[in-house]
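Notes follow the structure.
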Amino acid sequence: MSFYSRPSFGRECLFNYFGGRMIDKKAEYESSKLYRIRHSTAHIMAQAVLEKFPEGKVAIGPAIDDGFYYDFDLPRALTPEDLESIEKRMRGIIQSKVKFERKVVSADEAKKVFHDQPFKLELIAGLEEGKEDEDGNPILEKPEISLYSQGAFTDLCRGPHVDNSSEINPQAIKLLSVAGAYWRGDEKRPMLQRIYGTAWTTPDELKDYLWRMEEAKRRDHRKIGHDLDLFSIVEEVGAGLILWHPKGGKIRKLIENFWTQEHEANGYDFVFTPHIGKAQLWETSGHLGFYKENMYSPVDIEGQQYFLKPMNCPFHIHIYKSSLRSYRELPIRYAEEGTVYRYERSGVMHGLMRVRGFTQDDAHHFCRPDQMPGEIDFVLGFSLHILRSFGFKDIQAYLSTKPEKSVGNPEQWTAAEKALEDSLKREGIDYQVDKGGGAFYGPKIDLKVKDAIGREWQLSTIQFDFNLPERFDLNYIGEDGLPHRPYMVHRALLGSLERFFGVLIEHYAGAFPVWLSPIQATLIPIADRHIDYAYKVAGDLKKAGIRVNVDERPERMNAKIRDAQNQKIPYMLVIGDKEMENNEVALRLRNNENPGPMSVTAFIEQAKDDIEKKI
RNA sequence: GCCGACGUAGCUCAAUCGGCAGAGCAACCGCCUUGUAAGUGGUAGGUUAUGGGUUCGAUUCCCAUCGUCGGCUCCA
């Protein structure tokens, strides 16, 4: 999560340092056969759409990760039935083994070919000026204009494509959805209809992809959050505002407890700050200048304007400023789970992932220049430790460096970037460099984790700030008795607790590790005569610190097991006559394993061990 | 905010052409006393998101608002 500005992910400069080698992932994909298949399938789709709507206008249709899309301006809205018929026609075109032929033309010729295609004419004009490619991205050299034709359909395109549609497997393509999209991504320009599709080399790969989509749906934190009674968002309260239910609240508390304990053990001081602050504060910080569109309207308190906080930093800075600081005090690490409010447009909220009020696990480090590299080393290592504790083992780092427009002096930037990169190397984790992708106020490292089905989620961010120390005139008194400017670093490890919870839910599909499970064990008495014994066992487990409940409903054991399975409770302990007699419990696990009868003490040992190991 | 789809009981979903709003699960009250993924009978549950309009009559058709979903845009 970026504190101030864009997450900065320039598609031009995405390089991967891996085992000392620099890999350009984007170029690798674009030169692949799969890329050509997808791009060509997009053209075939455009052909099928134009056959159905001869008066339709075509915009652009690139290959993307996992598939392709094409944008159209059509006389009416597309229906799911349209997609079926278009897909069917596409298979027909593919099976007719059409050739893809490339032809280089002059701008004038191209204009003739596309005389009734206004979007293409606009693209040609752009190419002619040599400013933008067909995706609207700036390019350096004036390109040649090329056309690709397959049968009766011709498109303006840089390529490359397959040579013949027989290279596309008609059973390995599928149209997925239709959605609105602005021409050139500009909301002031016409809204087009975008058809998304996917294409693979074999039907098995397609099946696999569709299975991954299904799996993602099954893990959707909004559905699981409801099924497991973790949280809700209700219309009466407001969009993008989270209600944490007792079980979700329990998990949050467990996360926070762990977080607090680790921070306490690692030199952080805890601070608490209010939810609103005066307009002048946000003027000084600059937020009213460059962040205003994300802030809510002010509230009037006795004639003074106050704003809901979109960030915690100005408050932490004032705690720093509350007394004169000596170089001996540094580094200072202030941490707070600070709830912030940011305006989100109505169409963009998404469960826990994108909300209007959220709690950052925020901290600010203030340190001397000589401490700075060590401070970065520490915070990077600490981040990785925290993320790994929650079961995220696959972590990727992204280093963003100085953009063209920036504040602070170049030496600061160089030193900070070097410290970040050195730390990454020392940690030995893979990282990519987004050159020029940093915020104007400082370079940063973002950490992304891979979840159980391979999706990447950005959680941590570690950002230098050369801006706020200036604006708030932060100082410490050095050994020389003179005031010096400290380095300031923002960092959030989990990002926002809401979003982190959402990622956790999807990563584990609701089957949280035992240490995070709101209910760790449920006791299942088979008949009423076993209830007293169940409570006795429950007492023993509670004494051992295990969260336990007794399912004494007058239901069949089978029903209780089913419910416990659906609630993803880690340990089911069945209790009948045999167990009662031998002071045992019969253990069943949520993965359907059935270890069977064991003594209560043996179970407690196993459970404590699982909790300790965070599995 | 924009494009499209959608909003019926706590949940999942029905309701023909505009003609008495229904089922399963959950809840509640019973019966059954159970050995590894749903035992059984009954009861209750609704201003069909909200507000207007058309109509003899609206869950159904029209408009607006709120919200949800898929995207765009924005961004954490």
Side-chain angles (χ1 to χ4, degrees), chain A residues 1-9 69 71 73-74 76-80 82 176-196 217 220 222-223 226-227 229 232-240 291 293-294 310-311 340-360 362 446 457-461 463 492 494-496 498-500 502 524-531 553-567 572-579 586-590 592-597:
Chain A
M1 169 181 320
S2 167
F3 278 85
Y4 285 171
S5 67
R6 62 197 55 225
S8 66
F9 213 67
Y69 68 80
D71 289 345
D73 185 16
L74 300 174
R76 66 168 172 83
L78 291 167
T79 64
D82 290 327
L176 300 173
S177 62
V178 51
Y182 300 107
W183 168 233
R184 296 262 173 119
D186 182 346
E187 62 186 286
K188 292 184 192 67
R189 311 195 70 176
M191 174 69 74
L192 307 173
Q193 294 192 67
R194 173 172 298 177
I195 304 177
Y196 281 97
K217 221 185 205 170
D220 192 317
R222 293 166 301 185
K223 178 170 165 38
H226 174 262
D227 291 348
D229 196 15
S232 64
I233 303 167
V234 302
E235 186 174 343
E236 287 81 354
V237 172
Y291 206 73
E293 61 281 9
N294 292 294
M311 295 182 198
V340 298
Y341 295 87
R342 299 183 186 175
Y343 170 67
E344 293 292 351
R345 298 165 93 182
S346 53
V348 307
M349 262 82 73
H350 182 87
L352 296 172
M353 303 297 189
R354 189 79 181 268
V355 297
R356 284 181 171 158
F358 60 96
T359 303
Q360 288 182 314
D362 206 354
D446 292 325
W457 301 95
Q458 189 193 319
L459 298 178
S460 312
T461 187
Q463 303 190 357
L494 310 177
S496 100
E498 287 74 9
R499 183 180 149 83
F500 182 72
I524 300 178
I526 291 175
D528 288 353
R529 64 178 177 279
H530 309 124
I531 289 178
R553 295 174 303 162
E555 293 286 347
R556 294 285 183 280
M557 176 201 65
N558 279 339
K560 295 180 186 178
I561 286 177
R562 183 184 147 85
D563 290 342
Q565 286 279 163
N566 288 336
Q567 288 298 304
M572 287 157 265
L573 303 172
V574 176
I575 287 173
D577 292 335
K578 281 179 277 180
E579 287 74 20
L587 174 63
R588 177 193 166 103
L589 303 174
R590 59 189 162 182
N592 282 332
E593 272 179 45
N594 198 349

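First the proteins, then the strands, lettered A, B, ... as listed; each starts at 1.
Heavy atoms only, all atoms of each residue included: A:Leu78 and A:Gln193 are closest at N-OE1, 2.9 Å.
Taking the side chain of A:Met191 as heavy atoms from C-beta on, and the options B:A38, B:G35, B:C3, the nearest nucleotide is B:C3. The side chain of A:Met557 approaches B:U34 more closely than any other nucleotide in the set B:U34, B:C72, B:C11. Nearest nucleotide to the A:Ala559 side chain, out of B:U36, B:G1, B:A38: B:A38. Residue A:Arg588 places its side chain closer to B:U36 than to any other of B:A76, B:G70, B:U36. Closest approach to the A:Ala586 side chain among B:G67, B:A76, B:G35 is made by B:G35 (side chain taken as heavy atoms from C-beta onward). Nearest to the side-chain atoms of A:Tyr182 among the listed nucleotides B:G7, B:G1, B:U33 stands B:G1. Among the nucleotides B:C72, B:U36, B:G70, the one closest to any side-chain atom of A:Asn558 is B:U36. Listed candidates were B:U33, B:G4, B:G70. Nearest to the side chain of A:Ala77 is B:G4. The side chain of A:Arg556 lies closest to B:G39 when the candidates are B:G71, B:C75, B:G39. Minimum atom distance to the side chain of A:His226 is reached by B:C11, of the listed B:C11, B:U73, B:U68.
When rounded to the nearest whole Å, the span between CD of A:Glu555 and P of B:C31 equals 14 Å. Between the P atom of B:G67 and the CZ atom of A:Arg345 lies a distance of 15 Å, rounded to the nearest Å. For the pair A:Arg590 CZ and B:A37 C1', the interatomic distance rounds to 16 Å; values are reported in whole Å. Rounded to whole Å, the distance from CE on A:Met349 to C1' on B:G71 is 15 Å. Atom CD of A:Glu235 is separated from atom C1' of B:G7 by 9 Å (rounded to the nearest Å). Residue A:Arg553 contributes atom CZ, which lies 13 Å from atom C1' of B:C25 at whole-angstrom precision. In this structure, the CG atom of A:Leu494 is 18 Å from the P atom of B:A76, given to the nearest Å. Computed from coordinates, the A:Ile195 CD1 to B:C3 P distance equals 19 Å when rounded to whole Å.
Judged as a side-chain contact (heavy atoms from CB on, under 4.5 Å), and not counting sequence neighbours, the contacts of A:His350 are A:His221, A:Arg222, A:Met353, A:Arg354.
Comparing the same atom, C1', in B:A15 and in B:G24 gives a spacing of 15 Å after rounding to whole Å. The P atoms of B:G57 and B:G19 are separated by 14 Å, rounded to the nearest whole Å. Nucleotides B:G52 and B:U60, compared at atom P, are 14 Å apart to the nearest Å. Comparing the C1' positions of B:A44 and B:A26 gives an interatomic distance of 13 Å, to the nearest angstrom. Between the C1' atoms of B:G18 and B:G53, the separation comes to 15 Å (whole Å). Between B:A14 and B:G46, the two C1' atoms lie 15 Å apart (nearest whole Å). Taking atom C1' in both B:G45 and B:G22, the straight-line distance is 13 Å, to the nearest Å. Nucleotides B:C28 and B:G71 are separated by 38 Å at their P atoms, to the nearest Å.
A:Gly576 comes within 4.0 angstrom of a base, heavy atoms only. Within the 4.0 angstrom heavy-atom criterion, only backbone atoms of the sugar-phosphate kind lie near A:Ala181; the bases stay farther away. The residue A:Lys578 sits close to a base: some heavy atom pair falls under 4.0 Å. Across all strands, A:Glu187 comes closer than 4.0 Å only to sugar-phosphate atoms, never to a base (heavy-atom distances). Residue-level contact check: A:Arg354 touches the bases, meaning some heavy atom is under 4.0 Å from a base atom. Contacts of A:Asp227 with the nucleic acid, taken as non-hydrogen atoms under 4.0 Å apart, are absent. Within the nucleic acid shown, A:Asp186 has no heavy atom closer than 4.0 Å to any nucleic acid atom. If you check every strand for non-hydrogen atoms under 4.0 Å, A:Asp563 touches nothing.
In this structure, A:Glu344 and A:Val355 have side chains that are not in contact, with every pair of non-hydrogen atoms separated by 4.5 Å or more. The closest side-chain heavy-atom distance from A:Trp183 to A:Asp71 is not below 4.5 Å. Side-chain contact between A:Asp73 and A:Leu192 is present, with heavy atoms from C-beta onward closer than 4.5 Å. Residues A:Tyr182 and A:Arg189 fail the side-chain proximity criterion, which asks for heavy atoms closer than 4.5 Å. With a 4.5 Å cut-off on side-chain heavy atoms, A:Phe358 and A:Val340 count as touching. Between A:Ile561 and A:Ile524, the closest side-chain pair of non-hydrogen atoms falls below 4.5 Å.
A close approach under 4.0 Å does not occur between any side-chain nitrogen or oxygen of A:Arg342 and OP1 or OP2 of B:C74. For B:C72, the OP1/OP2 oxygens have a side-chain nitrogen or oxygen of A:Tyr196 closer than 4.0 Å. Proximity of A:Arg222 to the phosphate of B:G70: a side-chain N or O atom is located under 4.0 Å from OP1 or OP2.
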**Request:** Would you sort out whether A:Asp446 and A:Thr461 count as a side-chain contact (heavy atoms from CB on, under 4.5 Å), showing the intermediate values?
**Result:** CA-CA 4 Å; A:Asp446 292 325; A:Thr461 187; 2.7 Å; yes
**Stepwise side-chain contact (heavy atoms from CB on, under 4.5 Å) test for A:Lys223 and A:Lys217** = CA-CA 9 Å; A:Lys223 178 170 165 38; A:Lys217 221 185 205 170; over 6 Å; no
**Request:** Could you please spell out the steps behind the salt bridge (Lys or Arg N to Asp or Glu O under 4.0 Å) verdict for A:Glu555 and A:Arg562?
**Result:** CA-CA 11 Å; A:Glu555 293 286 347; A:Arg562 183 184 147 85; over 6 Å; no
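For B:G35, the base has a donor-acceptor partner in the side chain of A:Glu579 [N/O atoms by modelled type, under 3.5 angstrom]. Between the side chain of A:Glu344 and the base of B:A76 there is at least one donor-acceptor pair of N/O atoms closer than 3.5 Å. In this model, no side-chain donor or acceptor of A:Arg194 finds a partner on the base of B:C72 within 3.5 Å.
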**Prompt:** According to the Watson-Crick and G-U wobble definition with distances under 3.5 Å, which dot-bracket string, read 5' to 3', encodes RNA chain B, using [ ] for crossing pairs and | for pairs with another strand?
**Reply:** (((((((..((((.....[..)))).(((((.......))))).....(((((..]....))))))))))))....
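The aromatic ring of A:Phe358 stacks onto the base of B:A76, its centre lying under 5.5 Å from the centre of the six-membered base ring with the two planes under 30° apart.
Nearest-nucleotide positions on RNA chain B place A:Ile575 closer to the 5' end than the other of A:His350 and A:Ile575.
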